[in-house]
Amino acid sequence: MSRKLITELKEKINKYDHAYYVLDDPLVADAVYDACYQRLVQLEQQNPDLVTSDSPTQRVAGVPISKFKSVKHRKPMLSLDNAFSAEDFSNFDKRIRTKFSTDSIEYSAEPKLDGVAINLLFVNGYLHNATTRGDGITGEDVTHNIRTLKSIPLKLFGNDIPHEIEIRGEIYFPKDEFTKLNNDLHELGKKTFANARNAAAGSIRQLDAKVAASRPLRLSCYAIGYCSQDIGQKHSDILQLLVSWGLPVSVYNRTLVGVDACLDYYKYMLGIRADLPYEIDGIVYKVNTLVLQDKLGFVARSPRWAIAHKFPAHEEQTTLEAVDFQVGRTGQVTPVARLQPVMLGGAIIRNASLHNFAELARKDLKVGDIVLVRRAGDVIPEVVAKSSSSAKPQALVDIIPPKACPVCGTKLVKESEELLRCPAGLSCPAQLKGAILHFVSKGAMNIDGFGDSTVSLFVEQGLIGSISDIFFLTFDQIRSQEGFADLSAQKLLDNIRSCKKVSFAKFLYALGIREVGKVTAMELARNYSSIDDLMQASITDLLRVDNIGPVLAKHIHDFFREESNQKQIASLFSSGLIIEIEDITIKDQTFIDYTVVITGKFSGYSRDELKDILLSKGANVVSTVSKKTTHVIVGDSPGSKLKKAQELGIQIISLDDIKDLLD
């Protein structure tokens with residue numbers, strides 16, 4: 001009797017979950033649902049031998065995991081090429097029509113949700129595991145978190161289900177729920193998420209499933225990966241099958257024939273974008289017929305039969321209330337806009353980048369202007385321009401670049417029309433904090449426990465006046481600071497001591513030499529046998545190292561000639577720091593087949609930083625577009641390189657397409 005009743009209750013609850021979370025059509029009142037659920041819990045407690053993995057009560061794991069496991073996808077998860085204009089999409093369509101000598105192509109079109117890609121493996125109809133995209137070949141196992149999503153069935157509906165099937169989808173955060181989450185975090189004094197995508201990514205990468213369970217994540221399925229049998233002749237057939245199995249797909253999916261129909265759909269979705277309950281950043285078009293997909297095949301990591309037609313970045317109007325000047329780790333002074341708060345792309349924006357002083361002058365901005373703000377790459381807010389409806393001239397205030405460092409008061413040096421720099425070095429608190437945060441960061445010394453607040457506290461209290469002071473901190477000094485108890489003080493001290501042995505390349509990167517990224521640090525470590533040899537190198541010597549030009553060579557040379565830097569290095573070694581000389585080889589082959597040109601401006605990365613990451617993962621990064629170029633990575637304001645790449649038919653990608661591969 002208990003077995004039958006448990007089965008009936010499981011089926012009822014799964015049916016209710018599907019109606020509520022997938023169909024958005026609740027079947028029963030909350031009280032009825034809760035009563036069924038509690039009855040199931042009671043019966044399972046009385047009959048523990050009848051508890052199964054697909055029971056609704058088993059969605060949340062009881063014990064947090066210790067770390068994420070790596071899982072290889074049965075079939076690679078590929079990225080998509082991008083179309084940034086109607087012309088780009090027309091050219092994509094023309095190439096396909098020419099190949100098949102036809103007047104029109106049937107496409108399956110769907111909105112491109114701005115979330116996190118997920119791969120769900122079902123075995124015999126049961127959810128076996130869930131993995132992130134990762135590098136496209138291998139992802140992280142986040143099954144414990146994905147099981148908490150009630151929009152995902154733990155057992156597929158129906159009977160005609162393949163023995164093994166990978167189902168691909170996007171995990172996303174609904175707009176209204178994201179706003180509520182950020183407001184709650186703000187009220188608690190906690191760090192808010194930059195956007196809904198980051199919130200989704202952060203939620204599914206929790207070690208404790210209870211965190212993911214507390215957040216209203218959703219799934220939208222869009223494709224399959226590996227399947228143990230053939231299913232359907234068209235992509236649209238597969239989407240219908242997913243629906244029949246109880247999986248959510250977008251209600252805006254369409255089957256369209258020809259370019260005009262696709263562009264009309266694009267305009268329609270762009271028009272309703274703001275009213276959708278989730279963020280989308282474009283439209284995905286896929287050749288609908290699977291046989292044609294197979295014939296078109298793939299290039300590098302992207303299919304030739306699909307393309308993402310990207311929407312323009314979100315833009316809103318608001319008032320420029322003030323401009324502050326921030327000082328970075330290398331002393332560069334950057335203007336930052338303080339805005340009247342405005343909702344943009346699912347987040348409240350109060351600050352935005354003004355990039356540099358040349359951009360500030362070019363845009364002719366004044367305090368009091370009504371400005372257009374957008375999220376570059378739908379991530380980093382930036383001021384695009386002043387609005388045509390800006391304030392009257394008498395209401396405006398000129399923005400005057402500072403003559404002295406806004407943090408330490410040192411007279412600034414004008415290095416170009418774009419750049420003002422504070423020459424005070426580590427005697428400037430802002431540069432000191434930046435240098436310390438860089439020194440302890442994951443890619444450098446990797447000393448866990450030094451967040452922004454801890455570094456600011458230690459600098460302000462005089463515990464740290466240089467990077468070497470980190471290794472001379474005592475238990476009593478740390479314990480005396482606000483927020484530290486015996487256990488946390490000892491833990492931080494243990495973390496510091498455990499990082500006293502470091503590779504030569506990481507040490508060089510940690511020093512924070514201007515424009516020396518991880519790859520340049522590896523090149524220097526490969527070419528010099530010791531820190532002493534490198535410190536004695538002339539500019540001529542440094543120019544013999546691959547990828548080091550005159551400007552970078554001077555930065556390295558001048559850094560090691562600076563007496564204060566020499567004292568810092570000596571102090572680090574006197575603390576017991578040990579440098580391990582190792583064989584430097586590029587082990588990460590993620591971009592090994594890529595010959596890349598980078599063009600435009602990127603949010604979150606300088607071009608040099610992006611170049612370093614790509615080089616460290618095997619890419620050949622070049623400055624000129626040619627027939628040998630395989631990919632052009634396009635940011636904002638890309639210029640003539642984009643046009644040449646389009647003329648040559650070279651694959652164009654945005655930072656969004658590869659950001660999961662850059663970590």
Side-chain angles (χ1 to χ4, degrees), residues 65 67-82 112-113 115-123 127-146 152 162-171 197 200-201 204-205 219 221-229 235 238 284 286 290 293-294 296-308 442-443 518-519 585-596 605 610-621 630-633 651-663:
I65 64 171
K67 64 179 182 179
F68 293 104
K69 294 187 297 183
S70 293
V71 176
K72 188 173 182 180
H73 306 311
R74 304 290 176 92
K75 189 174 181 179
M77 295 184 74
L78 304 173
S79 58
L80 295 178
D81 197 0
N82 285 324
K112 185 177 182 292
L113 272 68
V116 181
I118 200 76
N119 184 63
L120 308 174
L121 174 63
F122 286 86
V123 178
L127 179 62
H128 183 71
N129 64 39
T131 51
T132 61
R133 181 197 297 275
D135 63 3
I137 306 298
T138 301
E140 288 181 327
D141 187 336
V142 291
T143 310
H144 66 299
N145 289 322
I146 295 304
I152 300 177
H163 169 58
E164 291 188 347
I165 184 170
E166 290 179 317
I167 296 170
R168 272 78 192 267
E170 200 84 356
I171 301 293
R197 183 188 188 279
I204 68 167
R205 294 198 73 259
L219 168 73
C221 297
Y222 56 75
I224 65 169
Y226 169 78
C227 186
S228 57
Q229 67 188 59
H235 181 71
I238 291 173
V284 176
K286 299 171 184 173
L290 302 183
Q293 288 186 9
D294 290 340
L296 286 165
F298 305 87
V299 55
R301 292 176 178 266
S302 301
R304 288 193 176 98
W305 42 265
I307 196 166
K442 186 176 180 180
K518 295 175 184 177
V519 173
T585 57
I586 296 177
K587 299 175 183 177
D588 190 330
Q589 305 280 302
T590 301
F591 298 108
I592 195 65
D593 297 323
Y594 285 44
T595 297
V596 179
Y605 297 92
L610 188 54
K611 177 182 176 181
D612 277 352
I613 294 171
L614 291 166
L615 287 169
S616 71
K617 292 175 177 287
N620 178 29
V621 183
T630 61
H631 297 76
V632 174
I633 302 176
Q651 187 174 4
I652 298 163
I653 57 178
S654 70
L655 204 56
D656 283 348
D657 297 317
I658 59 171
K659 59 188 171 188
D660 289 339
L661 308 180
L662 297 179
D663 295 335

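FYI, side chains are in, hydrogens and waters are out, and symmetry mates aren't considered; it's all heavy atoms of this structure. This structure is a prediction, so every number in the text was calculated from the model and none was measured.
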**Student:** Does the side chain to side chain contact (heavy atoms under 4.5 Å, CB included) test come out yes or no for Glu170 and Val116, once each step is laid out?
**Tutor:** CA-CA 5 Å; Glu170 200 84 356; Val116 181; 5.5 Å; no
**Student:** In terms of the angle between their ring planes, are His631 and Tyr594 parallel, tilted or perpendicular, with boundaries placed at 30° and 60°?
**Tutor:** parallel
**Student:** Closer than 3.5 angstrom, by distance alone: can the side chain of Asp81 be matched with the main-chain N or O of Pro303 as a donor-acceptor pair?
**Tutor:** no
**Student:** At what distance, to the nearest 0.5 angstrom, does CZ of Arg168 lie from CG of Asn119?
**Tutor:** 4.0 Å
**Student:** What are the two closest heavy atoms between Ile118 and Met77, and how far apart are they?
**Tutor:** O-CE, 3.9 Å
**Student:** To the nearest 0.5 Å, how far apart are CD1 in Ile238 and NZ in Lys286?
**Tutor:** 9.0 Å
**Student:** Within this structure, what is the OH-NE2 distance for the pair Tyr226 and His73, rounded to the nearest 0.5 Å?
**Tutor:** 16.0 Å
**Student:** How long is the gap from CD1 on Ile171 to CD1 on Ile146, to the nearest 0.5 Å?
**Tutor:** 4.0 Å
**Student:** So, Glu140 and Arg205, do they make that salt bridge, N to O below 4.0 Å?
**Tutor:** yes
**Student:** Looking at Ser79 and Ser302, what are the two nearest heavy atoms and their distance?
**Tutor:** O-OG, 3.1 Å
**Student:** Check the pair Lys72, Ile137 against side chain to side chain contact (heavy atoms under 4.5 Å, CB included), reporting the backbone distance first and the verdict last.
**Tutor:** CA-CA 6 Å; Lys72 188 173 182 180; Ile137 306 298; 3.9 Å; yes
**Student:** Just wondering, do Val71 and Leu121 contact through their side chains at under 4.5 Å, heavy atoms?
**Tutor:** no
**Student:** Say you draw a straight line from NE2 of His144 to CD1 of Ile204; how long is it, rounded to the nearest 0.5 Å?
**Tutor:** 10.0 Å
**Student:** Nearest 0.5 Å, please: how far is CZ in Phe122 from CD in Glu164?
**Tutor:** 13.0 Å
**Student:** Do you know the tightest heavy-atom contact between Asp141 and Phe68?
**Tutor:** O-CD2, 3.5 Å
**Student:** Heavy atoms only: give me the nearest Ile167-Cys221 pair and the separation to one decimal.
**Tutor:** CG2-SG, 3.8 Å
**Student:** When you measure from the side chain of His235 to the backbone of Tyr222, do you find a donor-acceptor pair of N or O atoms at a distance under 3.5 Å?
**Tutor:** yes
**Student:** Search all heavy atoms of Leu78 against all heavy atoms of Arg133 and return the closest pair with its distance.
**Tutor:** O-NH1, 2.8 Å
**Student:** Against Leu80, only a single residue in Val284, Ile653, Ile307 fulfils side chain to side chain contact (heavy atoms under 4.5 Å, CB included); can you say which?
**Tutor:** Val284
**Student:** Can you name the closest pair of heavy atoms from Lys112 and Ala308 and give their distance?
**Tutor:** CD-CB, 3.9 Å
